[in-house]
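Accompanying notes for the structure given below.
Both ligands and their constituent atoms are indexed starting at 1 by order of listing.
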Amino acid sequence: MPNRSLQNHPFLAACRREAVRYTPVWLMRQAGRYMEDYRALRAQYGFLELCKKPDLAAEITVTPVERLKVDAAIIFADILLILEPMGVGLEYSKGDGPVIHRPVRNGKDLDDLKDFDPNKELSFVYEAVKKTRAALDDRVPLIGFAGAPFTLASYLIEGAGSRNYTHAKKLYYTAPEVWHCLLQRLSQLITKYLNCQIAAGAQAVQLFDSWAGCLTPGDYEHFVLPYTRSVIAGITPGVPVISFSTGTAGLLKHIRAAGGDVIGLDWRINLDEGWATVGHDVAVQGNLDPVALFAPPKEIRRRVADVLDRAGNRPGHIFNLGHGVLPETPVDHVIAMVEAVHELSAR
Ligand code: CP3
């Protein structure tokens with residue numbers, strides 16, 4: 001059952017394209033390394049360790065809500081956590097980003113993946129969701145999240161971040177049956193995982209397809225869209241789904257076709273043009289360039305105004321960056337951005 005509290009909060013109302021008093025704003029990676037509090041905790045604990053300590057994960061989730069005055073919290077976790085119980089050797093190594101020690105490159109590797117029950121194995125995430133809801137005390141809604149089937153599959157196949165996704169694409173060129181099997185398996189796990197976060201108290205969910213921008217429209221349609229669509233279709237009814245991707249200005253029609261109540265737009269397309277492309281019968285989220293937060297506050301305000309102008313007071317706009325906050329971002333600039341959104345959008 002979706003949790004009914006806070007249903008009229010501007011963030012959840014905007015997800016449903018209802019009129020709001022001001023444009024709600026939150027940021028991807030709002031709890032990350034650009035914050036001193038987070039860096040202080042990271043000096044003591046590893047990243048995975050923090051994810052697995054629900055009290056600390058809840059504290060990290062709530063801090064930016066208080067500090068930045070954003071309109072939603074996003075649970076402190078990571079899209080790759082779901083890969084760990086598959087037995088592929090997930091490690092957050094210093095400097096290089098996460099690595100998978102035993103990547104999936106063929107049918108045998110796929111058969112070797114461990115089956116697991118997301119209801120049981122990832123209980124530390126659900127515990128963190130519960131503790132965060134208690135700590136937030138209904139001040140703002142809490143967003144749960146997962147990686148989308150394509151982005152998770154490419155991480156699993158490449159074994160790390162990638163520039164060209166050659167291994168992932170080679171798998172669907174040469175062994176499409178293995179590809180389809182893997183994506184189907186991931187889709188089922190992701191759907192269960194998100195629904196468990198919802199059962200624990202998440203009031204909206206975001207699906208991160210951060211790497212979908214590397215795909216041709218035809219490949220997206222054939223190798224990815226059916227799986228993203230099945231995840232979105234399987235989410236507990238009544239809970240808004242935000243479909244996020246980057247570099248997908250040329251794929252927006254297909255992304256829309258996969259479903260979701262809110263479509264994420266990045267800064268490589270103007271918000272008005274992106275919204276017209278996905279259709280005004282769906283909400284949108286975005287789309288300030290994360291690097292714009294390095295500009296002086298006056299320039300940030302000008303760019304916030306531009307995004308809001310392009311949204312044109314249409315119901316169903318959630319302000320966000322086009323991608324996550326970068327680690328060197330000045331916190332006072334983030335605060336200035338949030339204030340500008342609230343002031344300039346007040347109706
Ligand atoms: O948004 C939030 O504040 C919630 C937490 C969150 C994290 N990762 C914490 C994190 C979210 C929503 C994510 C999503 C995520 N993780 C994505 C999709 C979003 C995106 O940015 O495209 C991806 C691709 C990942 C995988 C991942 N996790 C990478 C590539 C890295 C290393 C690069 C980096 O930014 O550090 C991580 C590590 C990670 N995930 C950190 C955090 C706070 C940094 C870990 C540290 O403290 O060293």
Side-chain angles (χ1 to χ4, degrees), residues 25-53 56-68 70 72-84 90-100 124-125 128-129 132 140 142-163 165 168 190 193-194 197 202 204-214 242-248 264 266-267 285-286 290-291 318 320-329 331 334:
V25 51
W26 69 280
L27 295 92
M28 291 174 270
R29 298 286 180 104
Q30 64 191 18
R33 282 160 301 180
Y34 74 106
M35 278 206 168
E36 266 165 54
D37 320 56
Y38 178 74
R39 288 197 303 271
L41 274 171
R42 274 289 276 118
Q44 277 177 278
Y45 302 97
F47 174 68
L48 260 182
E49 217 180 334
L50 284 178
C51 292
K52 292 180 179 179
K53 289 187 188 293
L56 290 178
E59 181 189 323
I60 297 170
T61 305
V62 175
T63 303
V65 173
E66 290 167 349
R67 187 93 194 272
L68 313 173
V70 284
I74 180 162
I75 190 68
F76 182 77
D78 194 71
I79 64 164
L80 304 179
L81 297 178
I82 199 171
L83 303 181
E84 199 184 32
L90 168 68
E91 190 197 350
Y92 288 84
S93 60
K94 277 206 182 79
D96 308 325
V99 288
I100 303 286
F124 57 90
V125 176
V129 167
T132 304
V140 296
L142 175 63
I143 304 168
F145 72 92
F150 172 72
T151 293
L152 283 181
S154 28
Y155 226 105
L156 205 49
I157 297 164
E158 298 290 333
S162 171
R163 202 178 158 81
Y165 306 91
I190 295 162
Y193 177 50
L194 286 172
Q197 293 181 47
V205 291
Q206 177 157 319
L207 201 54
F208 283 90
D209 214 350
S210 307
W211 294 352
C214 74
I242 307 169
S243 171
F244 168 81
S245 59
T246 66
T248 47
D266 80 6
W267 63 97
Q285 176 172 278
V291 179
I318 296 161
N320 206 314
L321 303 176
H323 206 166
V325 185
L326 295 162
E328 314 295 326
T329 306
V331 179
V334 180

Any idea which protein heavy atom is nearest [atom], and the distance to it?
atom	answer
atom 28 (N) of ligand 1	D78 OD1, 2.8 Å
atom 6 (C) of ligand 1	A77 O, 3.4 Å
atom 46 (C) of ligand 1	R42 NE, 3.2 Å
atom 43 (C) of ligand 1	Y38 OH, 3.6 Å
atom 4 (C) of ligand 1	I75 O, 3.6 Å
atom 14 (C) of ligand 1	I79 CG2, 3.7 Å

(message) Can you confirm whether more than 12 heavy atoms, excluding those of E328, are under 6.0 Å from its CD atom?
(response)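 No, the 6.0 Å shell around CD holds no more than 12 heavy atoms from other groups.
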(request) Would you confirm whether the ring centroid of F47 sits within less than 6.0 angstrom of the ring centroid of Y38? (result)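 No - the distance between ring centres of Y38 and F47 does not fall below the 6.0 Å cut-off.
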Find the distance between [atom1] ([X]) and [atom2] ([Y]) and round it off to the nearest 0.5 Å.
X	Y	atom1	atom2	answer
Q285	I242	CD	CD1	4.5 Å
C51	D78	SG	CG	6.0 Å
Y155	I79	OH	CD1	7.5 Å
T132	I143	OG1	CD1	12.5 Å
K53	L41	NZ	CG	11.0 Å

Who gets closest to [atom] by heavy atom: [options]?
atom	options	answer
atom 31 (C) of ligand 1	S210, P98, P327	P98
atom 34 (C) of ligand 1	M28, K94, R33	R33
atom 12 (C) of ligand 1	Y45, Y92, F145	F145
atom 45 (C) of ligand 1	F47, Y34, F208	F47

(message) Using a 4.0 Å cut-off to any heavy atom of F76, which atoms of ligand 1 qualify?
(response)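 Here the atoms of ligand 1 in question are 43 (C).
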(message) Under 4.0 Å from a heavy atom of I74: which atoms of ligand 1 are those, numbered in the order shown and with their elements?
(response)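 Going through ligand 1 atom by atom, the ones under 4.0 Å from I74 are 1 (O), 2 (C), 3 (O), 4 (C), 12 (C).
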(request) Let me know which of V334, V25, V70, L321 forms a side-chain contact (heavy atoms from CB on, under 4.5 Å) with Q30. (result)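 Option passing the side-chain contact (heavy atoms from CB on, under 4.5 Å) with Q30: V70.
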(request) For residues I190 and P149, determine if any side-chain heavy atom of one lies less than 4.5 Å from a side-chain heavy atom of the other. (result)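 Result yes, sub-4.5 Å side-chain heavy-atom pair found.
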(request) Mind checking whether R29 contacts ligand 1 via backbone (N, CA, C, O), side chain (CB onward), both or neither, at a 4.0 Å heavy-atom cut-off? (result)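 It is both parts that get close, each with some atom under 4.0 Å.
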(request) Please determine if H323 has a nitrogen or oxygen closer than 3.5 Å to a nitrogen or oxygen of ligand 1. (result)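 Checking ligand 1 against H323, an N or O pair does fall under 3.5 Å apart.
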(request) May I ask you to check whether A31 has an N/O atom sitting below 3.5 Å from an N/O atom of ligand 1? (result)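 Right, the criterion is met.
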(message) Can you give me the closest heavy-atom contact between F150 and C214, atom names plus distance?
(response)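 Closest approach of F150 to C214: CZ-SG, 3.8 Å.
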